[in-house]
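I have placed the structure first, in the form of structure tokens, so that the comments after it can refer back to it.
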Amino acid sequence: MAPSGASATARAERFIWLTARVLEQRRFAFHFLGGQAAAVEAALDAYAGDDGGFGHALEPDLRGPVSQPLHTAHALRVLDEIGRCRDRRVEPVCRYLTAVSTADGALPALHPSLRGYPAAPWMPLVDDPPSDLLATGPVVGLLHRNAVWHAWLFRATDFCWAAVDALGRGARTHPYEVEAAVAFLDGAPDRARARAAADRLGRAVREQRLAVLDPDRAADHPLPEGYAPGEYHFPHDFARTPGSLARAWFSDAEMARSLDFLAASQQEDGGWPVRWRAWAPGTVLECRPMVTLDALLTLRAYGRPT
């Protein structure tokens, strides 16, 4: 066990070695122990499918071996954080994205190939799924940020712009969708348009009270329909780095309170809690190391001691 008075990172390290999958262990080593990017990539490859996508419960709330857009988006985030999101590495991924896209060129949240395998009950599976900003926005933004060129990006980018513009005009939304929109805007190549869209979206976030600005009064805050008790979202969830366009949505005092709350949320075992609904014992065990890594990286990005 980490000694009394150990740093947040030291406490989290023990938690990671005790509970995490190999992928999260390798990611932790890369970010905090000088580990090699190649080791992270090798661990990620265990989740790769023959179709260029990723499966095997890479996103723990979707089980089974088949490739899915949400698994593949997760894989791209990992490649991005280790500097391996390049044209040659992601070319087969883009072919997969093309193959599973909807008629308007964007990604569904779930592809029907998941049928027959377990999945979180709040993620309905349909035969003809619609395009989804949650699945599409982060992928498009990340590929643009890495200067990846592929024909798939043209229509998918148009879809994202239309979806984000609708949110900025006041369409009802929820925190996870806003976070996906931010991920798109942070990587969109038209920076002037992205800044203008982010400004409109930030006003919608405040008008719809999607961010808890005072963690001490979170219980008084409305929760979107279907969210678990305590599944609140805070300024640091929208602006995970100071360079995010979403950072301008919050005052320095609001962000400081949010980061204080994040730092104080580390639990006795060294990990951070999962705040969304638990539906199977194994998924919580697999998700907590991922949430813990995200917390450490956010705190470090803002210069908080870890």
Arg26, CZ atom: more than 12 neighbouring heavy atoms under 6.0 Å: no
Sidechain-backbone polar pair: Tyr232 side chain, Ala211 backbone, donor-acceptor under 3.5 Å: no
Nearest atoms (heavy-atom pairs only) where Pro138 meets Ala180: CD-CB, 3.8 Å
Nearest heavy-atom neighbours spanning Ser265 and Phe261: OG-O, 2.7 Å
Straight-line distance of Ile16 CD1 to Leu33 CG, nearest 0.5 Å: 10.5 Å
Note, Trp152 side chain near Ser101 side chain (heavy atom, < 4.5 Å): yes
Whether His236 and Phe234 hold their rings parallel, tilted or perpendicular, with breakpoints at 30° and 60°: parallel
Minimum heavy-atom distance between Leu62 and Ala119, given as atom pair plus value: CD2-CB, 3.9 Å
Donor-acceptor under 3.5 Å (Arg145 side chain, Ala188 main chain): no
Smallest separation among heavy atoms of Tyr96 and Thr72, with atom names: CE2-OG1, 3.3 Å
Closest contact, heavy atoms only, Pro215 versus Arg257: CG-O, 3.9 Å
Salt-bridge criterion met for Glu81 and Arg77 (N-O under 4.0 Å): no
Donor on one side chain, acceptor on other, Gln266 and Thr292, under 3.5 Å: no
Ring geometry between Phe238 and Trp249 (parallel below 30°, tilted from 30 to 60°, perpendicular above 60°): tilted
Salt bridge Asp127-Arg115, side-chain N to carboxylate O under 4.0 Å: yes
Check: Ser258 side chain, Glu254 main-chain N or O, donor-acceptor pair, under 3.5 Å: no
Note: Arg89-Asp80 ion pair, threshold 4.0 Å (strictly below): no
Heavy-atom donor-acceptor pair, Asp186 side chain to Leu245 backbone, under 3.5 Å: yes
Same apolar cluster (I L V M F W Y, side chains within < 4.5 Å links), Phe32/Trp17: yes
Any donor-acceptor pair under 3.5 Å from His71 side chain to Glu59 backbone: yes
Lys/Arg-Asp/Glu bridge criterion (N-O < 4.0 Å) met for Arg172, Glu225: no
Shared hydrophobic cluster for Leu70 and Val126 (ILVMFWY, side-chain gaps under 4.5 Å): no
Arg86 bridged to Glu41 by N-O distance under 4.0 Å: no
Derivation of the side chain to side chain contact (heavy atoms under 4.5 Å, CB included) call for Arg275 and Val291: CA-CA 10 Å; Arg275 300 191 181 280; Val291 170; over 6 Å; no
Side chain proximity check, Thr306 to Ser7, heavy atoms < 4.5 angstrom: no
Side chain to side chain, Arg247 and Tyr302, heavy atoms closer than 4.5 Å: yes
Cluster overlap Tyr117 with Trp122, hydrophobic side-chain contacts below 4.5 Å: yes
Distance in Å, Arg304 CZ paired with Leu259 CG, rounded so as to fall on 0.5 Å steps: 4.5 Å
Exercise: identify the closest heavy-atom pair between Trp161 and Ala197: CZ3-CB, 4.2 Å
Partners meeting side chain to side chain donor-acceptor pair (under 3.5 Å) with Asp237 (sequence neighbours left out): none
Aromatic ring proximity, centroids under 6.0 angstrom, Tyr227 and Tyr176: yes
Arg300 side-chain N/O to Gly303 backbone N/O, donor-acceptor pair under 3.5 Å: no
Side-chain donor/acceptor of Glu24 to backbone N/O of Met290, under 3.5 Å: no
Min side-chain heavy-atom separation Val93-Val139 under 4.5 Å: no
Interatomic spacing from CG in Leu76 to CG in Leu44 - rounded to 0.5 Å: 9.0 Å
Donor-acceptor pair, side chain of Thr136 and main chain of Leu107, under 3.5 angstrom: yes
Gln36, CD atom: more than 12 neighbouring heavy atoms under 6.0 Å: no
Stepwise side chain to side chain contact (heavy atoms under 4.5 Å, CB included) test for Leu23 and Leu58: CA-CA 9 Å; Leu23 177 59; Leu58 180 56; 3.5 Å; yes
Joint hydrophobic cluster, Leu297 plus Trp272, side-chain heavy atoms closer than 4.5 Å: yes
Distance (rounded to the nearest 0.5 Å) between Leu134 CG and Glu177 CD: 6.0 Å
Cluster link Met123 to Val100, ILVMFWY, side chain under 4.5 Å: yes
Residue pair His233, Val178: steps toward the side chain to side chain contact (heavy atoms under 4.5 Å, CB included) verdict: CA-CA 11 Å; His233 289 240; Val178 172; over 6 Å; no
Side chains of Leu133 and Cys160 in contact at under 4.5 Å (non-hydrogen atoms): yes
Test item: His150 and Thr98 side chains (from C-beta on) under 4.5 Å apart, heavy atoms: yes
Phe15 backbone acceptor or donor facing Thr19 side chain under 3.5 Å: yes
Nearest-0.5 Å distance that lies between atom CD in Glu286 and atom CZ in Arg21: 5.0 Å
Donor on one side chain, acceptor on other, Ser131 and Arg155, under 3.5 Å: no
Other residues, nucleotides, ligands: >12 heavy atoms within 6.0 Å of Arg191 CZ: yes
Interatomic distance, Leu299 atom CG to Leu262 atom CG [nearest 0.5 angstrom]: 4.0 Å
Note, Asp214 side chain near His221 side chain (heavy atom, < 4.5 Å): no
Test: Asp199 and Arg195 ion pair at under 4.0 Å: no
Beyond-backbone contact of Pro112 with Pro129, side-chain heavy atoms, under 4.5 angstrom: yes
Ionic contact status for Arg277 with Asp61, cut-off 4.0 Å: no
Heavy-atom donor-acceptor pair, Thr283 side chain to Pro60 backbone, under 3.5 Å: no
Neighbour count above 12 (heavy atom, 6.0 Å) for Asp220 CG: yes
